[in-house]
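See below for the structure under consideration.
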Amino acid sequence: MSEITSDVIVIGAGPGGYVAAIRAAQLGLSVIVVDKRAQAGGTCLNVGCIPSKALLHSSHKFSETRSHLKGHGILVENVRLDLKAMLARKDAIIDELTCGIGFLFRKHGIRFANGRAVLLGPKHIQVVNEDGETHNYHAEHIILATGSESISLPNFEIDETRILTSTGALNLPKVPKSLAVIGGGYIGLEMASVWSRLGSSVTVIEAGDRLVPTMDHEVGHALHKALEKQDIVFRMNRQVTKVIKKDKTLTLHVTPANQKTDQIPEIIDCTAVLLAVGRRPNTHGLGLEGMNIEMTPQGKVVVNRHYQTSCPGVYAIGDIIHGPMLAHKAMEEGVAVAEYISGQFAHVNYGIIPAVIYTLPEVASVGKTEEELKEKGISYQAGKFPFSAVSRAKTMGETTGFVKILTDARTDEILGIHIIGDAAGSMIAEAAIAMEFGASAEDIARSCHAHPTFSEAMKEAAWAAFDKPIHM
Ligand code: NAI
């Protein structure tokens with residue numbers, strides 16, 4: 001069978017893969033991208049970040065219109081939900097964005113092959129499409145960017161109608177009367193917010209003693225309190241041992257986490273259950289075993305700092321390698337791997353990767369948490385400033401939360417910034433750039449910030465870290 005040849009093959013058209021493909025093409029390399037989905041964009045665009053953000057925004061508008069406009073002097077009666085239209089809007093956004101990637105591929109002369117790829121050797125792959133047809137491809141460089149998939153639990157049969165992963169939770173045709181969410185991490189909290197705003201009674205069952213354990217504890221505690229005020233119920237330190245499907249009800253058996261499961265369980269009845277207990281790298285069925293590609297015990301692909309695997313010519317980026325499973329981290333790696341392949345210098349700063357949870361209030365962070373600094377014995381200063389003292393936040397009625405800046409006590413260099421508040425996801429960009437440039441808190445404090453804006457909380461927290469805030 002004849003082979004189609006290019007300089008680079010990218011397996012996976014998610015944020016890591018499609019960015020790697022575009023950057024490689026910009027640098028003059030010929031590129032083929034393979035994906036088992038017919039549309040590019042991966043989990044992020046098709047069943048992850050983008051649809052969830054569309055529903056978070058729509059559900060926020062619904063709950064705001066129903067409950068929060070009165071205080072602004074706006075009276076609205078008989079607010080009703082058209083869930084079908086809300087889901088259709090989300091699907092239209094997905095279509096537009098995935099088509100946008102198709103357009104970028106065509107613009108850069110990137111070829112797209114739809115089908116499942118298997119590595120046949122260091123420079124050869126086979127792609128099997130939905131009709132069972134096979135095509136062979138050859139390239140000097142193969143980039144694996146196959147992403148991740150939801151983890152299930154024993155005794156759970158995912159059907160995506162009542163027992164859901166995030167994919168099913170983005171497409172429920174009816175608001176479930178009650179929803180149990182297993183896992184109080186990124187996905188659990190965002191989807192709990194969506195369906196609770198749309199009228200479902202939501203209970204989050206979390207095995208740990210805090211939400212999103214990697215988050216700065218003070219921020220995590222504030223988020224927990226804010227979500228409880230939104231009527232989301234939390235059962236912490238709990239595990240689900242069994243799900244019994246009845247006619248219209250699911251019965252969950254819930255016991256204390258990390259204890260024997262033979263105790264009499266607490267019973268939680270619900271209409272639907274979402275499993276959000278983490279994701280695992282998507283590496284099976286790729287033919288990696290046959291090529292002796294080194295893996296970690298957790299199933300991630302081992303790479304060197306040029307993203308090369310133990311097999312020369314084969315690279316890996318994104319969720320299947322070290323680091324957080326975040327779209328923007330994969331995108332940075334996509335740029336870097338393409339630049340390395342084309343002989344340039346490249347760099348990803350893993351100490352400065354922002355993370356955002358799109359709840360209300362949003363949570364955004366970059367750099368070290370207070371707990372990490374304590375654990376490492378680093379002497380630090382903490383400067384904090386609440387949005388309740390920020391005039392723009394007052395005018396908008398969005399005063400929940402604060403900015404916290406952690407600095408090196410000796411040098412004033414910023415080591416971490418943690419924000420909980422309405423604009424946190426946008427504000428974190430300033431924090432990341434400041435840290436990339438090695439800024440001190442005084443650098444931020446003495447940079448002019450527009451008034452009135454939420455970003456004044458950043459400036460004031462910076463003042464608080466190295467001296468005293470002005471407005472407190
Ligand atoms: P996660 O790792 O964020 O949270 C999983 C939670 O489930 C943890 O709090 C864990 O303690 C808990 N858990 C684990 N096993 C459990 C059990 N048996 N019973 C109860 N609780 C249990 O994972 P999640 O939410 O599934 O998200 C996966 C990844 O997707 C995240 O790590 C994140 O990187 C990415 N993501 C990012 C988003 C963003 O950037 N806004 C949004 C959604 C996902």
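Atoms within each ligand, like the ligands themselves, are counted from 1 in listed order.
Contacts of L153 with ligand 1, taken as heavy-atom pairs under 4.0 Å, involve the side chain alone. With a heavy-atom cut-off of 4.0 Å, V356 touches ligand 1 through its backbone alone. At a 4.0 Å heavy-atom cut-off, ligand 1 does not touch P324 at all.
No hydrogens or angles considered: a donor-acceptor pair under 3.5 Å links the side chains of Y350 and E333. Checking R210 against H221 by side-chain atom types alone, no donor-acceptor pair falls below 3.5 Å. Checked by atom type, the side-chain pair T203/R235 shows no donor-acceptor distance below 3.5 Å. With 3.5 Å as the limit, one finds a donor-acceptor pair spanning the side chains of S148 and D319. For the 3.5 Å distance criterion, the side chains of E339 and H347 fail to qualify, holding no donor opposite an acceptor. With no hydrogens or angles considered, no side-chain donor-acceptor pair links E294 and S310 at under 3.5 Å. Side chains of Q239 and T255: a donor-acceptor N/O pair is present below 3.5 angstrom, by distance only. K246 and T251 share a side-chain donor-acceptor pair at under 3.5 Å.
Among protein heavy atoms, the minimum distance from atom 5 (C) of ligand 1 is reached at A276 O, 3.5 Å. In this structure, atom 7 (O) of ligand 1 lies nearest to the protein heavy atom G183 CA, 3.3 Å. For atom 10 (C) of ligand 1, the closest non-hydrogen atom of the protein is E206 OE2, 3.5 Å. Of all protein heavy atoms, the one lying nearest to atom 34 (O) of ligand 1 is M325 O, 2.6 Å. Nearest protein heavy-atom contact of atom 30 (O) of ligand 1 is R279 CD, 3.7 Å. Considering only non-hydrogen protein atoms, atom 31 (C) of ligand 1 sits nearest to Y186 CD1, 4.0 Å. Closest to atom 20 (C) of ligand 1 among all protein heavy atoms lies A207 N, 3.3 Å.
Those atoms of ligand 1 with a heavy atom of I205 less than 4.0 angstrom away are 20 (C), 21 (N). Here is the list of ligand 1 atoms found below 4.0 Å of a heavy atom in I182: 19 (N), 20 (C). Near P213, meaning under 4.0 Å from one of its heavy atoms, ligand 1 places the atoms 9 (O). Close contacts between ligand 1 and Y358 involve ligand atoms 41 (N) [criterion: under 4.0 Å to a heavy atom]. Each of the following atoms of ligand 1 lies closer than 4.0 Å to a heavy atom of L326: 34 (O), 37 (C), 40 (O).
Look at K53 and E190 and you find a salt bridge, because one of the NZ, NE, NH1 or NH2 atoms lies within 4.0 Å of a carboxylate O, short of that distance. Looking at R280 and E149, a side-chain N of the basic residue comes within less than 4.0 Å of a carboxylate O on the acidic one, giving a salt bridge.
Here's the thing with E190: one of its N/O atoms is less than 3.5 angstrom from an N/O atom of ligand 1. On a distance-only criterion, V212 and ligand 1 share no N/O pair closer than 3.5 Å.
Across T359, V277, V181, heavy-atom proximity to atom 16 (C) of ligand 1 is greatest for V277. Residue nearest to atom 25 (O) of ligand 1, selected from I187, T241, V254: I187 (by heavy-atom distance). Here atom 23 (O) of ligand 1 lies nearest to G278 when heavy atoms of G185, G278, A257 are compared.
Looking at E460, E370, E218 one by one, the single match for salt bridge (Lys or Arg N to Asp or Glu O under 4.0 Å) with K384 turns out to be E218.
For P361 against T400, the heavy-atom pair with the smallest separation is CG-CG2, 4.0 Å.
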